[in-house]
Number of protein chains: 2
Amino acid sequence: MTASINDVAQAVGVSASTVSRALRGRPGVSDEVRDRIAAVAAQLGYTASRSASSLASGRTYTIGVLVPYVGRWFFGTVLDAAEKVFSTAGYDVLLYNLGSPETRKRFFTKLPVRKRVDAVLSLLIPDDDESAALRSLGVPLATTVGGTRPGFTVVGIDDRAGTESAVRHLVNLGHRRIGMISGASGPLHWTTPIERRNAYLDVLAEAGIEHDAALEADGDYTVEGGERAMTELLAASRPPTAVFAQSDEMAMGALRALRRHRLKAPDDVSVVGFDDHELADVVGLTTVAQPVAEQGAEAARLLLRQLDEPGAEPPRHVQMPIRLVLRETTAPPRPRGPQ
Amino acid sequence: MTASINDVAQAVGVSASTVSRALRGRPGVSDEVRDRIAAVAAQLGYTASRSASSLASGRTYTIGVLVPYVGRWFFGTVLDAAEKVFSTAGYDVLLYNLGSPETRKRFFTKLPVRKRVDAVLSLLIPDDDESAALRSLGVPLATTVGGTRPGFTVVGIDDRAGTESAVRHLVNLGHRRIGMISGASGPLHWTTPIERRNAYLDVLAEAGIEHDAALEADGDYTVEGGERAMTELLAASRPPTAVFAQSDEMAMGALRALRRHRLKAPDDVSVVGFDDHELADVVGLTTVAQPVAEQGAEAARLLLRQLDEPGAEPPRHVQMPIRLVLRETTAPPRPRGPQ
DNA sequence: CTGTTAGCGCCTTCAA
DNA sequence: TTGAAGGCGCTAACAG
C-alpha cells in the first residue's frame, strides 16, 4: 500500500541501508545521494514504519504517560506541557488514562507499554507493586506527584511548605476555627493529602489552636466533592470561619456551597485553595500557586536527558517553588463570628 | 531481556505459533494447552511486543488523537472520554498536541502516524491539505469539531441552534445592545466562530436590532482573551447591556473584566457563555450546554465500529443535543441602561 | 561511501 | 490440534 524503504531504494537506485542512513541523518552518505533520496522519499510520501524500525533498533521513540484524569485541569496542564517537550524532541506520546481502579489494574497487570516505550512519565502515584511493575520495564521513570521512590525521578513541590503558608495566612488573619477540605487518599496511594493534613495540624498546634475533627471533611478533589464537604462543615454545631481546601477545584466547590447557603467569602467564611487553577483568578480565590505546566515540562526534560545519557545518575527529586497568592476570598473573621 | 514468545513456547514445550494463537484467543488450541500457556506466560510476565505484532499483522491497535490544546477543558474532557472508549476496546492512544502552527505543520508534513495507527480522531479542524494528508493514511477518520468533510465522521452539535437560543434569550429579556465575544478563526480553520457569528447576526436581524460592529470583540477562546474583549466592549461609546461569549472560558474572562471595572453580572451587563464548563455552575454562568464528553465517546465508538466493520458505510454526521442552561448572569437590562 | 547479510519478535499461511 | 517456514519493514553489523 504505502511506500516502503525498498520502493525508495529502488527508485533512487541504491540499497535500503543507504536510504535508511540518509533519512536518519547518519554519516556515511554522500550529499548528492542524500539529496536524491530525500527528494524521492518526499515525492513518494515515504515515512519509515515505526513498528519495523523499533523492532529492528529496540528504540521506540515513544514515551508512555500515565494520567489519572486527563480532563482535570491539573493533569491536563501537566500533560500538555510534557507532550510539547517530548514531541519537540521527536518522541511520540502514548497516553494511558487510568482513572478507575479497573483500568488501572488492567494496565498494571498487562503492562501494555512493555517493549513499547523508551520511558514512562507517571502523573499518578504508583503503589509499591505498581512501582515494581514499572521498574520491571527497564526504562527511565519519572513522576510529578508523590514522594521520592526508588527508580523514579520526582518533580514536585513542597506540600508541607505550601500548606503551611496557606494555613498560617488564615491564622494571621485572626481565624481560630479553621476547617480543611481534603482529598480522599483512597485507592490512589496518594501521600499528598496526608502531608498536607499533617502540615495543617502542625500549624494549628503551633498557633495553640485545638484541633476539632468536625472541621475536616473530604472533598474528593472534585468541585462537587468540595461543595459537599463545605456543606458538611457548615452544618457543624460551630462552623469554621475559614477553610483551607487542598485543591482549587474543591475550593471552588466550597464557594458554590457558600453561595447556595447565601453566605459569602470572605465575609462569612474565608477560603484558601491550592494550585492556582487558571480560573482561580476569575473567582478571586486566594490560593497556593504551584508551577503546574513547568513541572510537566521539567519531568519530561529529565526523562529525555536520561535517554540521552544512559550512564548518568538521574536526579532523584526536584523541588519547584510555590507561593501564596492573595486574592479576595480571605479576610479577618467577623468580629462576632458568623451569624 | 524480557521474555519473548519463544521463551514461553520453549517453557511450555510447544511452538511459538501455538503460543501466539493461544494468547490471542484464536481457535485451534486445546483447552489444556491453552491453560498451560496462559500460566507460563503470566509467570514469565510475557507481553507480546506491539512493534513485532503490528509489523507482522498490519494492525497496530493504536488510535491517533490530534488535539489543539490538551490543557483546555473542552479538549481535555473530550480526550478523556474518547481514551476510555478506546482503551476499553483494547486500543492504545497516541496523543499529538498540535497547538502551535509549527508543531502542526511538522505533524502534517512528516505524518508520524503513518503505519502507526489504525484510525485517527482529530479534535482540531484540518484544512483541506491537512484533511487530504489524513485521508492518505488510509484509515478511518473522525472529528468532534467543524463541519462535514469528505472522509470524516463528524460528531458535533448544532452551533447555529445553540447560538440562537443564547442570543434569543438575551433578546427576550429585553436587551437591544447585545455584544459578542468571539474566538479567532485564525490559523485553526475553524468554522465554529463563523457559524456562531452568523447565527448571532441573524437573531439580531430577526429582532429588528441593528448590528453595531463596536459590539464585537475577539476573545481568542481563552480566559485572558475574554477579559480583554470585555474590557474593549466596555470602552465603547455605548457599551452593551448583554454579551454572548462563544465559550465559557471567554465568558469567565468577561466576568473577571466586569469585576475589575466594579460592574456586576447581571446587574450591569448580562453574560451568556457556551459549553457548560464544569465551573460554569460555580460562577453562576448562564450558558449553552453541550455534551462534551459524550461527543468524544461517541466519536470513538464510531471509529471502533468502522474498524470492526470495514465494509459498512460510516455515518457522516452525528448531531448531539444542546440546551440553554439558565443561571445567574442574565437578567433584563436596567430600566435606565448602564450608568 | 555503499551494499550485503542477518536478524528484531511476531503472525500467517500451509502441511502434517 | 499443532508445527514449520516465510515474511512484515527496517536497522546494524560487516564487507568492500
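Order of the sequence lines sets the chain letters (A, B, ...), proteins ahead of strands, with each chain counted from 1.
Cation-pi contact between Arg72(B) and Phe75(B): absent, since separation from the ring centre below 6.0 Å together with deviation from the ring axis within 45° is not met. Remark: Arg59(B) qualifies as a cation-pi partner of Tyr61(B) under the 6.0 Å distance and 45° angle criteria applied to the six-membered ring.
One finds no salt bridge joining Glu102(A) and Arg106(A) here, because no Lys/Arg side-chain nitrogen approaches an Asp/Glu carboxylate oxygen to under 4.0 Å.
Side-chain contact between Thr18(B) and Val12(B) is absent, with no heavy-atom pair separated by less than 4.5 Å. At a threshold of 4.5 Å between non-hydrogen side-chain atoms, the residues Arg135(B) and Leu141(B) count as touching.
Between the side chain of Arg50(A) and the base of dG9(D), no donor-acceptor pair under 3.5 Å is found.
Each of Ala52(B) and Asp31(B) was matched to the nucleotide of DNA chain D holding its nearest heavy atom; the match closer to the 5' end belongs to Asp31(B). Each of Ser57(A) and Val29(A) has a nearest nucleotide on DNA chain C; the 5'-most of these lies closest to Val29(A). Of the two residues near DNA chain D, Ser53(A) and Glu32(B), the one whose nearest nucleotide lies more 5' is Glu32(B).
Taking atom CZ of Arg36(A) as the reference point, atom C1' of dC1(C) lies 13 Å away to the nearest angstrom. Between Leu55(A) atom CG and dG9(D) atom P the separation is 12 Å, expressed in whole Å. Between the CG atom of Asp35(A) and the C1' atom of dC1(C) there is a distance of 15 Å, rounded to whole Å. Between Gln10(A) atom CD and dC10(D) atom C1' there is a gap of 16 Å when expressed in whole angstrom units. A straight line from CD1 of Ile5(A) to C1' of dC8(C) spans 15 Å, rounded to a whole angstrom. Residue Ile37(A) contributes atom CD1, which lies 13 Å from atom P of dC1(C) at whole-angstrom precision.
Ser49(A) comes within 4.0 angstrom of the backbone, heavy atoms only, and of no base. Counting any heavy atom pair closer than 4.0 Å across all strands shown, Ser17(A) reaches a base atom.
Helix bend of the helix from dC1(C)-dG16(D) to dA16(C)-dT1(D): the angle between its two end axes, each built from five pairs, comes to 30° after rounding to 10°.
Nearest nucleotide to the side chain of Lys115(A), out of dC14(D), dC10(C), dT1(D): dC10(C). Proximity note for Arg24(A) (side chain, C-beta onward) versus dC10(D), dG9(D), dA12(D): the nearest is dA12(D).
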What's the verdict on salt bridge (Lys or Arg N to Asp or Glu O under 4.0 Å) for Arg116(A) and Asp92(B), showing C-alpha distance, side-chain angles and the deciding distance? CA-CA 11 Å; Arg116(A) 266 209 102 174; Asp92(B) 287 340; 2.5 Å; yes
